[in-house]
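All remarks here apply to the structure that follows.
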Amino acid sequence: MAEKTCFVSIMGKPNVGKSTLLNALLGEKVAIVSRKPQTTRNRITGILTKGETQYVFTDTPGLHKPKTLLGEYMMKSAEAAAGGTDVILFVVECDVPLNASETAALRSFAKSSTPCILLINKIDKINKGLLAKYLSELSGEYDFRAVIPISALEKDGLDIIFDELEPFLIESPHFFPDDTLTDQPERVLAAEIIREKLLNLLDDEVPHGVAVCIERMHEREDSNITDIDATIYCERESHKGIIIGK
């Protein structure tokens, strides 16, 4: 049986559930999740290999109107990801009107040759009548290859996503070893895990403008313990005391 591959970009506005969806599709956590907008700053690739079939998912920074250099970098990263993909999974939140960034992105996709599948996320928070109305409105306004109601958090609708992705599989050798889960180095994953804990534990005190740099990783001999030295960068001097304490 010939090997097949499909490159899939996951796109949408901040906090719509893209990273949660990536983790759910892979069955493993490779993307950090928090309530802070723009938690995902870089393109994160997750690889799922099922026998002869390999899916390469890319979680992109949320679509938004950039107000800072970081915001501009994140938007360029998202746009670049959309350019080299076989199909786009565009995630929106159920019963929430599309904002300007979402509308602009969908108009851009309509002019391109890249097929787009609409995922209406967080259906566990809406009644079926309102969901049907929302489905009808979006389906009538844009030309999607499919419209799928899902709950990434509850892992509801994932089988339908894979069914809809099947026609876009291309016969080709796998681009990653079959046991690969992500293209992110261990140091990057460690830094992101620390940043996730900062965002979640200091949700009310520290904005998302915090960065983590891993200085050293060292495995102890005859032990499963890894010692990690990390430097945390914050935007303001006042944040430093909040993060490290007195």
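Below, all heavy atoms of this structure are taken into account, side chains as well, without hydrogens, waters or symmetry copies.
Val91 has its side chain out of reach of Met11: every pair of non-hydrogen atoms, C-beta onward, lies at least 4.5 Å apart. Looking at Ile10 and Thr60, their side chains never come closer than 4.5 Å, going by heavy atoms from C-beta outward. The closest side-chain heavy-atom distance from Lys29 to Glu196 is below 4.5 Å. Taking the side chain as every heavy atom from C-beta outward, Val87 and Ile117 approach each other to under 4.5 Å. Here the side chains of Lys240 and Ser238 are not in contact, with every heavy-atom distance at 4.5 Å or above. Side-chain atoms of Leu199 and Leu202, non-hydrogen and from C-beta on, never get closer than 4.5 Å to each other. Using a 4.5 Å cut-off on side-chain heavy atoms (C-beta onward), Asn23 and Val30 make contact.
The CG atom of Leu21 lies 10.5 Å from the NZ atom of Lys155; values are rounded to the nearest 0.5 Å. Rounding to the nearest 0.5 angstrom, the gap separating the CG atom in Leu165 from the CD1 atom in Ile161 is 7.5 Å.
Under the salt bridge (charged side-chain N to carboxylate O under 4.0 Å, His left out) criterion, Asp227 pairs with Arg220, sequence neighbours left out. Here Glu52 pairs with Met1, Glu3 under the side chain to side chain contact (heavy atoms under 4.5 Å, CB included) rule; sequence neighbours left out. With sequence neighbours excluded, no residue satisfies salt bridge (charged side-chain N to carboxylate O under 4.0 Å, His left out) with Asp159. With sequence neighbours excluded, the residues that form a salt bridge (charged side-chain N to carboxylate O under 4.0 Å, His left out) with Glu93 are Lys122. Residues passing the salt bridge (charged side-chain N to carboxylate O under 4.0 Å, His left out) test with Lys4, sequence neighbours excluded: none.
Side chain to side chain, Gln54 and Thr49 meet the donor-acceptor criterion of an N or O pair below 3.5 Å. A donor and an acceptor atom, one from each side chain of Thr5 and Ser172, are located under 3.5 Å apart. For Asp124 and Ser151, the side-chain atoms include at least one donor-acceptor pair closer than 3.5 Å.
The same ILVMFWY cluster, assembled from side-chain heavy atoms under 4.5 Å apart, contains both Val147 and Leu98. Hydrophobic clustering of Ile, Leu, Val, Met, Phe, Trp and Tyr side chains at less than 4.5 Å, counting indirect connections, unites Ile214 with Ile244. In this structure, Tyr233 is not a member of the same hydrophobic cluster as Ile243, with clusters built from ILVMFWY side-chain heavy atoms closer than 4.5 Å. In the hydrophobic clustering of ILVMFWY residues, with side-chain heavy atoms under 4.5 Å counting as a link, Val8 and Leu181 come out together.
Applying the ring pair (Phe, Tyr, Trp, His ring centres under 6.0 Å) rule to pairs touching residues 150-196 yields Phe7-Phe175, Tyr55-Phe162, sequence neighbours excluded.
Without hydrogens or angle criteria, Thr180 side chain to Thr182 main chain gives no donor-acceptor distance under 3.5 Å. Between the side chain of Lys18 and the backbone N or O of Lys13 there is at least one donor-acceptor pair closer than 3.5 Å. Put simply, the side chain of Glu102 gets close to the backbone of Asn99: a donor and an acceptor are under 3.5 Å apart.
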